[in-house]
Amino acid sequence: MSKGTPSKGLRNKHSHIVCRRCGRNSYHARHKICSACGFGRSARLRSYAWTNRKPLRA
Ligand SMILES: [Zn+2]
């Protein structure tokens, strides 16, 4: 099968589903771990300094 439009029809499985803690589509259905908030892995929200959400002093 080619890599074009016909093969896209096979992509009908979800590895990530909507997380019931953070609401993002990042909860891994088989691993049972949310890649966005760490639900299933830790009681605390997943967060790292390198996720520059808020820029340091301009
Ligand atoms: Zn989550």
Side-chain angles (χ1 to χ4, degrees):
M1 180 176 287
S2 62
K3 295 189 288 186
T5 305
S7 63
K8 305 303 179 190
L10 298 175
R11 307 194 307 170
N12 52 10
K13 283 192 282 286
H14 301 281
S15 56
H16 292 97
I17 59 177
V18 173
C19 173
R20 67 179 186 269
R21 182 161 80 169
C22 69
R24 295 181 61 173
N25 192 355
S26 304
Y27 189 75
H28 203 285
R30 291 202 306 271
H31 297 170
K32 306 297 181 191
I33 285 175
C34 177
S35 60
C37 72
F39 183 49
R41 183 188 61 181
S42 65
R44 296 183 181 183
L45 283 177
R46 166 188 172 278
S47 74
Y48 295 100
W50 47 260
T51 61
N52 299 312
R53 191 138 321 157
K54 212 183 293 179
L56 297 173
R57 286 177 299 142

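Numbers for residues simply follow the sequence, beginning at 1. Counting starts at 1 for both ligands and their atoms, following the listed order.
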Which residues share a side chain to side chain contact (heavy atoms under 4.5 Å, CB included) with His14, sequence neighbours left out: Ile17
Residues forming a side chain to side chain contact (heavy atoms under 4.5 Å, CB included) with Ser26, sequence neighbours excluded: Arg24, Cys34, Ser35, Ala36
For the atom pair [atom1] ([X]) and [atom2] ([Y]), what is the distance rounded to the nearest 0.5 Å?
X     : Y     : atom1 : atom2 : value
Tyr27 : Arg20 : OH    : CZ    : 5.5 Å
Arg41 : His31 : CZ    : NE2   : 13.5 Å
Ser15 : Asn25 : OG    : CG    : 8.5 Å

Connected-component partners of Leu45 among ILVMFWY, side-chain separation under 4.5 Å: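 Traced through the cluster, Leu45 reaches no other member.
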Around the Zn ion (ligand 1), number of protein N/O/S atoms which are nearer than 2.8 Å: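 Excluding waters, the total comes to 4.
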